[in-house]
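Only one structure is covered here, and it is reproduced in the block below.
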Amino acid sequence: MAIFREIEPSNISLNNPIARAEHDHIHRKLQHDQRSRWRSIALIAGLIGVVGLLITNRLADMGFFRLLPDAVEVYAVLIATVLMGFWHFGLMLRTLSMSAETFVREKRGGTWESLVLTSAGARRLVLGKWWGVVSIVWKEYVLLAILRAFLIVVIGIVITVRQSVALFPLDADPVSTALPGIVLAWIFSFAFMMINMGFTVAAGVMGSLFGRIHTPSISTGQSARLLVLVIPIVLLLLPVAVLIPLQNEQISYHGLLLLGGAQLSLIDNGMIFMAFLANPYDPHGLIYVVVALITLSVYGLMTILSLRVAERIAIRQGAA
C-alpha cells in the first residue's frame, strides 16, 4: 500500500533542513519561557517524590516491615495519579501548541509561498515539521513514560499484595509469579506514552495545515487529534454492539473485554488495563496483552494516516 511506502531516513532527522529550522525555532522560544519551565520542574519533582515513596514502601514491604499505613499508601497512589494526569494533559497541550503552530506560523509570516517553492517536497516538509517538534519534546515524554510506567507497576503490585494472602499457594514464590506481568506492564506503558507522542505531534501538524492565519493554532490541533481519535473508538464500538446480544456468554464477555478495553486504552492511554496486567492474579492477563497490542497498532496507524493526510493537504496547497 502507498501509505506504507518507505520513508527516507534523512526526512526524519535533523539533517532535514526543515526539521532543523523547526527545532531551532522552538528551542529559542522555550528559552524565553522560564516560568513554565519552573512549574514543570516543581511538578516533576513532586511526582518523583511520591512515586519514589511508593516504590520504597513496596520494597520495604518485601522485607516484612511497612513504612506507610495502608490508607496513606492508597492516598499517595491517588495523589500520584492526579499529578501524573496534570503533567500528561499539560504536556499534550504544549505538544499540540508547538505542532499546530508549524505551518500556521509560515502562513502568518508570509514564508509559506517561499517554502513550497523550494526543492523540498510535501513529504519532506511534513516529516521535517513533525520531526522538528518530536526532537524537542521527546525527552520530557521519556521521563513521563518512565514515571508513569513505575506508577502503573506500583498500582499493580498494591493490588497483588492485597490479594496474595488468599490466592498464593503456600509453596509459591510471589515475586516470580508477579514478575512477567510487571515487566510487560512496564514495557507496554512506556510504549503507549512514546507512540502517543508521535500521534499527538502528527495530529497537530495535520491540524496546522487545516488552520488559517487568524485561527488559533492549538484549537485546530486539538480538533484534529480528537477527530482522528474518535473515529477508531466508534469503529471499535460497532463490534461491541454486535457481541452484546450473543447467546454465548463466554464469547460475549471476552469480546466485550477485548474491544471495550481497546476503546478505554485509546482514551486513557492504557493506564487502567496496564495496571490490571501488573496484577498476576487477574485471570485475563492474556486479554490485556492483546488489548495493548491492538491499541498500539491503532495509534501507529493513526499516526501514519495523519502524516499522509497532512502530505496530501500540503500538495493541494501548493507543495511539490
Side-chain angles (χ1 to χ4, degrees), residues 2-5 7-30 90-109 111-116 118 120-141 193-232 298-320:
I3 192 172
F4 295 111
R5 285 183 296 179
I7 297 175
E8 294 181 16
S10 61
N11 285 342
I12 51 173
S13 72
L14 292 182
N15 291 328
N16 183 341
I18 307 298
R20 168 60 67 182
E22 190 66 31
H23 175 278
D24 292 345
H25 171 81
I26 298 175
H27 183 69
R28 287 193 301 269
K29 186 176 179 180
L30 290 177
L91 180 57
M92 184 191 72
L93 285 180
R94 281 189 284 122
T95 302
L96 279 173
S97 178
M98 294 177 195
S99 56
E101 184 72 15
T102 49
F103 287 110
V104 170
R105 188 182 69 251
E106 303 287 355
K107 296 174 183 178
R108 187 183 298 131
T111 56
W112 169 250
E113 289 76 12
S114 301
L115 195 63
V116 298
T118 63
R123 174 172 298 184
R124 192 170 181 83
L125 288 174
V126 169
L127 291 179
K129 293 290 187 180
W130 179 77
W131 189 255
V133 178
V134 168
S135 65
I136 288 289
V137 301
W138 72 269
K139 292 180 182 179
E140 191 168 353
Y141 271 93
M193 278 303 305
M194 300 314 295
I195 200 166
N196 187 42
M197 172 193 68
F199 166 59
T200 301
V201 177
V205 170
M206 182 181 68
S208 73
L209 283 163
F210 280 112
R212 299 288 183 250
I213 294 176
H214 301 294
T215 303
S217 56
I218 191 168
S219 64
T220 59
Q222 288 174 322
S223 301
R225 189 183 190 280
L226 286 175
L227 177 64
V228 180
L229 193 59
V230 165
I231 292 173
V298 172
Y299 267 127
L301 183 60
M302 290 190 300
T303 302
I304 295 172
L305 283 172
S306 298
L307 292 172
R308 289 290 288 143
V309 170
E311 181 185 340
R312 300 309 303 174
I313 297 172
I315 291 174
R316 286 176 177 270
Q317 295 182 1

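- Thr95 and Thr200 share no side-chain donor-acceptor pair at under 3.5 Å.
- Salt bridge Lys129/Glu101: absent, no basic N to carboxylate O contact under 4.0 Å.
- Between Gln317 atom CD and Leu125 atom CG the span is 11.0 Å, to the nearest 0.5 Å.
- Every pair tested for salt bridge (Lys or Arg N to Asp or Glu O under 4.0 Å) that includes a residue from residues 197-210 fails, sequence neighbours excluded, so the list is empty.
- Rounded to the nearest 0.5 angstrom, Phe103 CZ and Ile313 CD1 are separated by 10.0 Å.
- A donor-acceptor pair under 3.5 Å links the side-chain atoms of Trp130 to the main chain of Gly198, judged by distance alone.
- Of all the heavy atoms in Ser208 and Ala100, the pair that sits closest is CB-O, 3.1 Å.
- The minimum heavy-atom distance linking Leu96 with Gly221 is given by the pair CD2-O, 3.7 Å.
- With Glu22 contributing its side chain and Trp131 its backbone, the two residues share no donor-acceptor pair below 3.5 Å.
- In this structure, Met302 CE and Ile304 CD1 are separated by 11.0 Å, a value rounded to the nearest 0.5 Å.
- A salt bridge between Asp24 and Arg20 is present, with a side-chain N of the basic residue lying under 4.0 Å from a carboxylate O of the acidic one.
- With salt bridges taken as basic N to acidic carboxylate O contacts below 4.0 Å, none links Glu311 and Arg124.
- At least one side-chain heavy atom of Gln222 sits under 4.5 Å from a side-chain heavy atom of Leu93.
- Side-chain N or O atoms of Ser306 include none that pairs as donor or acceptor with a backbone N or O of Ala202 at under 3.5 Å.
- Nearest heavy atom pair, residue Ala122 against residue Ile315, reads CB-CG1, 3.4 Å.
- Summarising the geometry, atom CG belonging to Leu91 is positioned 9.0 Å from atom CG belonging to Asn196; distances are rounded to the nearest 0.5 Å.
- Formation of a donor-acceptor pair under 3.5 Å by the Ser97 side chain with backbone atoms of Arg94 is not found in this model.
- The two residues Leu229 and Tyr299 have their closest heavy-atom pair at CD1-CE2, 4.4 Å.
- Remark: Thr111 OG1 to Arg105 CZ distance equals 7.5 Å, nearest 0.5 Å.
- Between Ala224 and Met206, the closest heavy-atom pair is CB-CE, 3.7 Å.
- Residues Met197 and Trp138 come closest through the heavy atom pair SD-CA, 3.6 Å.
- With a 4.5 Å cut-off on side-chain heavy atoms, Val228 and Leu305 do not count as touching.
- Note that the CE atom of Met193 and the OH atom of Tyr141 stand 6.0 Å from one another [nearest 0.5 Å].
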